[in-house]
Amino acid sequence: MVRTRFAPSPTGFLHIGSARTALFSWAFAKHNSGEFILRVEDTDVERSTQESVDSILDAMKWLDLNYDEGPYFQMQRMDRYKEVIQQMLENGTAYYCYCSKEELDKLREEQMANKEKPRYNRKCLNNHNHDTSRKPVVRFKNPTEGSVVWNDLVKGCIEISNSELDDLIIARSDGTPTYNFCVVVDDWDMKITHVTRGDDHVNNTPRQINILQALGAPIPQYAHLPMILRDDGQKMSKRRDPVSVMQYEEMGVLPEALLNYLSRLCWGHGDEEVFSIQQFVEWFNLDNISPSPARFDMKKLFWVNAQHIKAMTNADLLQVLAPRLSKLNLDIDTLDINAILDLVKTRGDNLNVIAQEIAYFYLPQELNPEDVTKHLTDDARKVLSDFAVYVNALTDWSLDAIKALIKEFCAKHNVKMPQLGMSLRLKLCGTTQTPSFDAVIYILGKNNVLDRLAK
RNA sequence: GGCCCGUUCAUCUAGCGGCUAGGAUGCAUGAUUUUCAGUCAUGAAACGGGGGUUCGAUUCCCCCACGGGUCACCA
């Protein structure tokens, strides 16, 4: 049974890169009929907040990345961690260290000055004459010989010498365990078979494997996924980029489109570009993940989004649009919303634009003064009032009849289609960029058309 | 700086020793003459550099350059 996990720390919203990691972990589990576990790594008491937990959970829900187990919270597993630390203390795979932060800082500085690798000098390993008034930390006794080797499912074989590692702290002086230790105990207890995570964790892996071995625990498989960078190759930044998943919701991106786009970063399946999440799960495997980082291309994301919007049924589209339409105070029942949707769903690459396209059918829009001077000249106004007479006289309110009417009008009044069209659009919709005006007239209905022309 | 990882069009990618190096986004041009959008067609555009291995390297190996990650009582 394949078991993967997603383990965010609740120190902020769900990051777009984390979402990609979650997606791949989830898809790998689903593809293999396995289980996906959510675990909240909240051992950093200073920075973890309930608000962050909630926003991460909300984002996971929005993306519809469901977990089979959890969310587990590490802070609720303290007893277990302490039990394991006690065992390690007893069997000699861990030891108390009484060195103060100041001492350690000094040591580090000296080593850096001598161009040595900063690492703990094991002063407390066998020295028992320490200041017991101090609260000690617990250190893991890392092997000094040999190296740690694992076959990373994305990166291939990686080997790191134990001489690169030092005795890391697994419990702080206040007794709370640290990240690398909790991860190990959790992955073990939760029977995680495949650790899929960002490749910023590659350097933690040998430490974790060493602890796992000291514990006599099985070693899971590791798959380190490449980072997602900005379009200029820099790291994404909170200040400059939309990095929160929910910001994309605000920008009118569909969750399935975001997932589709994210899936194509560092992964591909032939020439496939636009596909459903179900299809993705069927295709997904770790072999096709490219080991190099990818850049986030906002334009392509929105193109993918447009493809998904276009492919939706009107009923589904209306449902996702509902909150936006009600915010605009549209009473959609007054017109044929289905016909409107048919016309506008190809006219935007996000839900906000689509909602605006719908809005001008229902509500008279304010006119841009530039458009007025350009298109609503005295001549144009005369043409429109003549046209209103024709509309008023039309008894058969069908699209074909309206088309015929327009043709007839243009011929008789010696007006070219675009001439009529632009001023008509402006008067009817408040903008010169609309779908075919015959269709707009048809949907609006005679009364609306005459009302708006009269204003 | 040490260690680890990476490098195909501007961007996302296909390629897994022999191809006119394919697709997509974006860009440019044209068509659809009812605007914009959409759609369709066409076009420009890539194997970081240097050594090997081989009959033959984008593909395998080494070196260099560049990019990224990481070196906490953060995760």
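Each chain gets a letter, A, B and so on, in the order its sequence line appears, and its residues count up from 1. Note that these values count all heavy atoms, side chains included, but never hydrogens, waters or copies made by symmetry.
Residue contacts shown for A/E273 include a base, since a base heavy atom lies under 4.0 Å away. In this structure, A/D174 reaches neither bases nor backbone, as no heavy-atom distance under 4.0 Å exists between it and the strands shown. Within 4.0 Å (heavy atoms only), A/V137 reaches at least one base atom of the nucleic acid. Among the atoms of the strands shown, only primed sugar atoms or phosphate atoms (P, OP1, OP2) are found under 4.0 Å from some heavy atom of A/K235. Contacts of A/P8 with the nucleic acid, taken as non-hydrogen atoms under 4.0 Å apart, are absent. Among the heavy atoms of the strands, none lies under 4.0 Å from A/C429. Across all strands shown, A/T43 has heavy atoms under 4.0 Å from sugar-phosphate atoms exclusively, and none from any base. A/D438 comes within 4.0 angstrom of a nucleotide base, judged by non-hydrogen atoms across all strands. Within 4.0 Å of A/H201, counting heavy atoms only, lies at least one base atom of the nucleic acid. In this structure, A/R47 reaches the bases: a heavy-atom distance under 4.0 Å links it to at least one base atom across the strands shown. Across all strands shown, A/Q111 has no heavy atoms under 4.0 Å from either base or sugar-phosphate atoms. If you check every strand for non-hydrogen atoms under 4.0 Å, A/D231 touches nothing.
The gap from the P atom of B/rA24 to that of B/rA41 amounts to 9 Å, rounded to the nearest Å. Distance noted for atom C1' between B/rU70 and B/rU29: 48 Å (whole Å). On the P atoms, B/rU8 is 15 Å away from B/rG67, given to the nearest whole Å. Here the separation of B/rC27 from B/rC12, taken at their C1' atoms, is 16 Å to the nearest Å. Separation of the C1' atoms belonging to B/rC16 and B/rC74 is 40 Å when rounded to the nearest angstrom. Look at the C1' atom in both B/rG43 and B/rC3: the space between them is 47 Å, to the nearest Å. The separation of B/rU7 from B/rU58, taken at their P atoms, amounts to 16 Å, rounded to a whole angstrom. Comparing B/rA44 with B/rG49, their C1' atoms sit 25 Å apart, to the nearest whole Å.
For the pair A/F302 CZ and B/rA37 P, the computed distance is 18 Å after rounding to whole Å. Computed from coordinates, the A/Q208 CD to B/rA75 P distance equals 12 Å when rounded to whole Å. Distance A/L225 CG to B/rG6 P: 14 Å, rounded to the nearest Å. The interatomic distance linking A/R139 (CZ) with B/rA72 (P) rounds to 11 Å, in whole Å. When the C1' atom of B/rC36 is taken as reference, atom CE of A/M422 falls 8 Å away, rounded to whole Å. Rounded to an integer number of Å, the gap from A/K299 NZ to B/rG26 P is 8 Å. To the nearest angstrom, P of B/rC73 lies 18 Å from OH of A/Y96. One interatomic measurement links the two molecules: CE of A/M298 to P of B/rU11, which rounds to 17 Å at whole-angstrom precision.
Judged by distance alone, with hydrogens and angles left aside, A/T178 brings no side-chain donor or acceptor close enough to the base of B/rC73 to form a pair under 3.5 Å. Donor-acceptor pairing under 3.5 Å, judged by distance alone, is present between the side chain of A/N204 and the base of B/rA75. Taking only distance into account, the side chain of A/R295 never meets the base of B/rU11 through a donor-acceptor pair shorter than 3.5 Å.
The residue from A/E282, A/H269, A/E256, A/R264 that alone fulfils the side chain to side chain contact (heavy atoms under 4.5 Å, CB included) condition with A/F275 is A/R264.
The phosphate of B/rA75 has neither OP1 nor OP2 within less than 4.0 Å of any side-chain N or O from A/Q74. For A/R347, no side-chain nitrogen or oxygen approaches OP1 or OP2 of B/rU35 to under 4.0 Å. Distances shorter than 4.0 Å separate none of the side-chain N or O atoms of A/K403 from OP1 or OP2 on B/rU34. In this model, the phosphate group of B/rG6 is not approached by any side-chain N or O of A/S290 to a distance below 4.0 Å at OP1 or OP2.
When both distances must be under 3.5 Å, the Watson-Crick or G-U wobble mate of B/rU53 does not exist. Of all nucleotides present, none satisfies the Watson-Crick or G-U wobble test against B/rA37 with each distance under 3.5 Å.
With hydrogens and angles disregarded, no donor-acceptor distance shorter than 3.5 Å links the side chain of A/D379 to the backbone of A/K382.
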| task | Show your reasoning for whether side-chain hydrogen bond (donor to acceptor under 3.5 Å, both in side chains) applies to A/N162 and A/E145. | result | CA-CA 6 Å; A/N162 275 318; A/E145 303 290 313; over 6 Å; no
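Using modelled atom types and a 3.5 Å distance limit, the side chains of A/Y261 and A/H308 yield no donor-acceptor pair.
In this structure, A/F437 counts as stacked on the base of B/rU34 under the 5.5 Å centre distance and 30° plane angle limits.
Under a cutoff of 6.0 Å and an axis angle of 45°, A/R80 and A/W188 form a cation-pi pair. The cationic atom of A/R122 (NZ for Lys, CZ for Arg) does not lie both less than 6.0 Å from the six-membered ring centre of A/Y120 and within 45° of the ring axis. For the pair A/R39 and A/F6, the cation-pi criterion (under 6.0 Å, within 45° of the ring axis) is not fulfilled.
For A/F36 and A/Y67, the ring centers sit 6.0 Å or farther from each other.
Each of A/K310 and A/I158 has a nearest nucleotide on RNA chain B; the 5'-most of these lies closest to A/I158.
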